[in-house]
There are 2 protein chains.
Amino acid sequence: MPNSEKTEIIRNKGLEARPLDTFDRTILGELAVDAGLSYAELGSRVGLSAPAVHERVKRLRATGRICGTVAVLDGPATGKPFLAFVHVDTTGGSKSRTFRALSELPELEEIHSVAGDTCTLLKVRCASSRALEGLLARLYAMPGIKATRSYVVLSTYLERTPQAGITEALEEPPMDEAPR
Amino acid sequence: MPNSEKTEIIRNKGLEARPLDTFDRTILGELAVDAGLSYAELGSRVGLSAPAVHERVKRLRATGRICGTVAVLDGPATGKPFLAFVHVDTTGGSKSRTFRALSELPELEEIHSVAGDTCTLLKVRCASSRALEGLLARLYAMPGIKATRSYVVLSTYLERTPQAGITEALEEPPMDEAPR
DNA sequence: GTTGAAAAGTTCAACAC
DNA sequence: GTGTTGAACTTTTCAAC
């Protein structure tokens, strides 16, 4: 896998957004499971030489298909054995401020705006149920938080790479205030 | 950034489970954000030499704190712009079979057993709402699936590394059959 | 996209704290 | 025992084909 990869890390968003062939897809699949592969190994799995896959990977990075590479930590082994999903009902107000404030909390792993019988969905990983209690207290201290429902994870059977479809943090998201 | 890291990849689970000092915690924090750092760079951020951090990282891997390194893909850019969370209500039956079958579906990113007004929580990433429809159809074809409630993600404001607290796939999980 | 060679990074060994 | 320095080895990465 790529060392510091100082070459062309610029996010050339539109640049060459061509449709992804089978090679690209295989490369993405392999790297999503293990980004620690050498280009030689990756090449042999894909059926290409090392410089060729390297070129591909460089393009996939440059065009934003690959957002980055991260280490996957083991929650329990790193002192965060407690996982929960929290549904949050918010009233009218400005969400973006709230979301930005929420992002600062290290316990929060995901924040989504959803359609359904709740407004916002949170993924929380922390040390204990007490820590969740503290987080909920901080939530209720924020303006516009109406109610929460927590789903405490009993066991995790699958947890794969998040494919980070991160919405570029807008200053004020559309539909902040509901029409009456 | 470690290359193939052929050295001691054996999961020495209990071996030297000492409490993680500040160096370790900083290393984990940095690698959770960017696993593509060189050991030299990581070392300078942490205040250690390259061989020293390498030794630490090797230990963190060996003791299971670091499960692996993965590439983070951009959902929309890789043809999967549609994200949803699905609550699944199951009846008595054997869950482990169902979970194993579910794990095979590539659209599924997470499967958790939770406490609350539902049994199972799914994270699904796919190409479109039609694809979700197809997935739900396959769900309902499985035995023991009583009902589902889907929460379609409108926008994602935060999505960090999953710290994979993966439960070792048990042959038959505890409490498969509820006492009456 | 491939081959062969320069540059960079990882990793080992011997030493110092 | 854990960290540092300097050197061997592997991998990335460039250039020419």
Side-chain angles (χ1 to χ4, degrees), chain A residues 1-12 15-63 65-72, chain B residues 1-12 14-72:
Chain A
M1 38 99 170
N3 283 329
S4 288
E5 203 88 27
K6 302 186 170 57
T7 32
E8 293 140 69
I9 330 170
I10 316 101
R11 266 251 194 170
N12 298 331
L15 179 93
E16 297 223 49
R18 58 178 199 181
L20 289 183
D21 63 10
T22 311
F23 283 135
D24 292 323
R25 243 174 276 276
T26 314
I27 291 170
L28 290 175
E30 292 290 341
L31 292 182
V33 173
D34 184 5
L37 293 168
S38 73
Y39 284 122
E41 174 61 25
L42 184 58
S44 78
R45 291 194 193 185
V46 170
L48 252 48
S49 68
V53 280
H54 175 234
E55 191 60 35
R56 296 262 185 169
V57 171
K58 236 165 58 179
R59 247 208 314 271
L60 290 169
R61 284 176 171 268
T63 53
R65 269 71 174 255
I66 297 175
C67 302
T69 78
V70 299
V72 180
Chain B
M1 44 75 189
N3 282 328
S4 288
E5 203 90 25
K6 300 182 170 61
T7 32
E8 293 141 70
I9 331 170
I10 315 102
R11 266 253 195 168
N12 297 331
L15 179 95
E16 298 222 49
R18 58 175 198 181
L20 287 184
D21 62 11
T22 311
F23 283 135
D24 291 324
R25 243 175 276 276
T26 314
I27 290 169
L28 290 175
E30 293 289 342
L31 292 182
V33 173
D34 183 5
L37 292 168
S38 72
Y39 284 122
E41 175 62 25
L42 183 58
S44 77
R45 292 194 191 184
V46 169
L48 251 51
S49 68
V53 281
H54 176 233
E55 192 58 37
R56 296 262 185 168
V57 171
K58 235 163 60 178
R59 248 208 314 270
L60 290 168
R61 283 176 171 269
T63 54
R65 269 72 174 255
I66 297 175
C67 303
T69 77
V70 299
V72 181

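Numbered from 1 within each chain, the chains take letters A, B, ... in sequence-line order.
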> What nucleotide, of D:dG3, C:dT11, C:dT2, holds the atom closest to the side chain of A:L48?
Replying inline: C:dT2

>> List the residues meeting side chain to side chain contact (heavy atoms under 4.5 Å, CB included) with B:A50, not counting sequence neighbours, and say none if there are none.
In response: B:Y39

> Expressed in angstrom and rounded to an integer, what is the separation of B:E55 atom CD from C:dT10 atom C1'?
Replying inline: 13 Å

> Would you say D:dT2 has OP1 or OP2 under 4.0 Å from some side-chain N or O of B:R56?
Replying inline: no

>> Going by salt bridge (Lys or Arg N to Asp or Glu O under 4.0 Å), name the residues that satisfy it together with B:R25, two or more places apart in sequence or in a different chain.
In response: none

> What is the distance, rounded to the nearest whole Å, between atom CD1 of B:I27 and atom C1' of D:dG3?
Replying inline: 12 Å

>> I need the full list of salt bridge (charged side-chain N to carboxylate O under 4.0 Å, His left out) pairs touching residues 43-53 of chain A, with sequence neighbours left out, sorted by first then second residue.
In response: A:E30-A:R45, A:E41-A:R45

> Between atom CG of B:L60 and atom CG of B:L28, what is the distance when rounded to the nearest 0.5 Å?
Replying inline: 5.0 Å

> What residues, two or more places apart in sequence or in another chain, satisfy side chain to side chain contact (heavy atoms under 4.5 Å, CB included) together with A:A40?
Replying inline: A:S38

> Axis-to-axis angle across the helix from C:dG1-D:dC17 to C:dC17-D:dG1, five pairs an end, to 10 degrees?
Replying inline: 30°

> Starting at CZ of B:F23 and ending at C1' of D:dT2, how long is that distance when rounded to a whole Å?
Replying inline: 10 Å

>> So if I take every side-chain heavy atom of B:Y39 and compare against C:dG1, C:dT11, D:dT2, which nucleotide ends up nearest?
In response: C:dT11

> Picking from D:dT13, D:dT4, C:dT3, which would you name as closest to the side chain of A:S49?
Replying inline: C:dT3

> Nearest to the side chain of A:P51, which nucleotide is it out of D:dT11, C:dT3, C:dG1?
Replying inline: C:dT3

>> Between C1' on D:dT2 and CG on B:D21, what's the gap in Å once rounded to a whole number?
In response: 11 Å

> Within the pair A:H54 and D:dT12, is there a side-chain N or O less than 4.0 Å away from OP1 or OP2?
Replying inline: no

>> Between C1' on D:dT12 and CD on A:E41, what's the gap in Å once rounded to a whole number?
In response: 15 Å

>> Just verifying a value: how many Å separate A:R61 CZ and A:L31 CG, rounded to the nearest 0.5 Å?
In response: 8.5 Å

> Side-chain N or O of A:K58 less than 4.0 angstrom from OP1 or OP2 on D:dC14?
Replying inline: yes

> At what distance, to the nearest 0.5 angstrom, does CG of B:L42 lie from CZ of B:R56?
Replying inline: 11.0 Å

> Tell me: CZ of B:R61 to C1' of C:dT10, nearest whole Å?
Replying inline: 13 Å

